[in-house]
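Right, one structure below, let's go through it.
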Amino acid sequence: MIEAINLVKKYGEGNTEVNALNGINLSVKKGEFVSIQGPSGCGKSTLLNIISCLEKPTKGEILIDNIDISEENDGKLAEIRRDKIGFIFQSYNLIPTMNAIENVMLPMMFAGKDDKLIAQRASMLLEMVGMEKRMNHKPNQLSGGEQQRVAVARSLINDPLLIIGDEPTGNLDSKTGSAVMEMLKKLNEEGRTIVLVTHDTVVANMAHRVLHIKDGQFIDNQPGQEV
Ligand code: ADP
Ligand code: ADP
């Protein structure tokens with residue numbers, strides 16, 4: 001699902017140059033659940049942004065579902081993002097002026113499908129995450145855990161093969177966080193590939209593999225050292 005070879009990402013130049021990634025190699029198979037840990041500033045968000053087709057590497061190669069995304073133009077990257085990838089962020093990133101069901105529908109509206117079909121699929125997903133009684137509520141009328149459940153439903157609207165999470169439980173209490181993790185585990189058992197960045201060791205240990213980044217490099221991906 002993901003093949004990254006010797007990824008390098010530099011920001012800035014001269015005395016403001018930062019090497020955010022310093023030669024990342026990563027191979028994630030379809031159906032795997034991988035979590036990534038590391039100190040602040042080590043390159044986790046940069047790596048997720050590249051996997052999510054939001055940024056391009058300075059050097060190196062990255063294939064998502066066998067497509068070499070380092071070679072694609074922005075239009076094609078937006079299409080790959082829409083069709084193959086679902087994101088869940090620490091801060092939920094719901095649109096405040098839209099209610100829950102409208103938020104869930106939005107990514108599929110961009111895919112140009114029939115409105116009625118989109119609404120049906122969105123309400124099915126909201127039911128799946130236990131939010132069927134809150135479909136018409138706006139984000140500020142929902143708790144953090146409820147907003148994150150809406151965000152999980154939204155990430156699934158286009159039926160992505162790959163789910164990317166950046167601290168998806170970071171703002172949740174441990175009970176709500178466990179509920180969100182249970183949902184992710186179930187999605188993984190159904191065959192979806194999951195890559196999560198998390199500080200939480202309990203969350204990380206739900207993954208098949210835990211990888212550690214330091215200064216833009218994995219420090220543990222030699223064979224035999226994988227968890
Ligand atoms: P993490 O997610 O592990 O905290 P990031 O990937 O956000 O780390 O950042 C890695 C390094 O790259 C940091 O030193 C950060 O300041 C720098 N960085 C990230 N994004 C940018 C950017 N858009 N412009 C300049 N520097 C950046
Ligand atoms: P996290 O809490 O996930 O580690 P950060 O706060 O490091 O995230 O970064 C959030 C976003 O801000 C990143 O996706 C990155 O693109 C951007 N960013 C991080 N550091 C910098 C920087 N020094 N300059 C510009 N943008 C940055």
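In what follows, residues are counted from 1 in the order of the sequence shown. Indexing begins at 1, ligand by ligand and atom by atom, following the structure's order. Source: prediction; values computed, not measured.
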Next on the checklist: Within the 4.0 Å heavy-atom shell around K44, which atoms of ligand 1 are there?
Outcome noted: 1 (P), 2 (O), 3 (O), 4 (O), 6 (O), 8 (O)
Next on the checklist: For F33, run the side-chain contact (heavy atoms from CB on, under 4.5 Å) check against H208, R209, E189 and tell me which one passes.
Outcome noted: H208
Item to check | Short side-chain donor-acceptor distance under 3.5 Å, N19 and K10 | outcome: yes
Checklist entry - Does S40 have a non-hydrogen atom less than 4.0 Å from ligand 1? => result yes
Checklist entry - Which of the numbered atoms in ligand 1 are below 4.0 angstrom from a heavy atom of S45? => result 1 (P), 2 (O), 6 (O), 7 (O)
Checklist outcome for this item: One finds that the ligand 1 atoms under 4.0 Å from a non-hydrogen atom of P39 are 3 (O)
Checklist entry - Considering G41, G38, A20, which one's heavy-atom position lies nearest to atom 4 (O) of ligand 1? => result G41
Item to check | Nearest heavy-atom neighbours spanning L196 and P168 | outcome: CD2-CG, 3.7 Å
Next on the checklist: Between ligand 1 and G216, can you find any atom pair, the residue atom being a heavy atom, that is separated by under 4.0 Å?
Outcome noted: no
Checklist entry - Can a salt bridge be assigned to the pair D159 and R192 using a cut-off of 4.0 Å between side-chain N and carboxylate O? => result yes
Next on the checklist: Please tell me whether S91 and N93 have a donor and an acceptor in their side chains that are separated by less than 3.5 angstrom.
Outcome noted: yes
Checklist entry - Applying a strict 4.0 Å limit to heavy atoms, is C42 in contact with ligand 1? => result yes
Checklist entry - What pairs of residues pass the side chain to side chain donor-acceptor pair (under 3.5 Å) test when at least one of them lies in residues 123-133, not counting sequence neighbours? => result none
Next on the checklist: Is it the case that ligand 1 has an N or O less than 3.5 angstrom from some N or O of V18?
Outcome noted: no
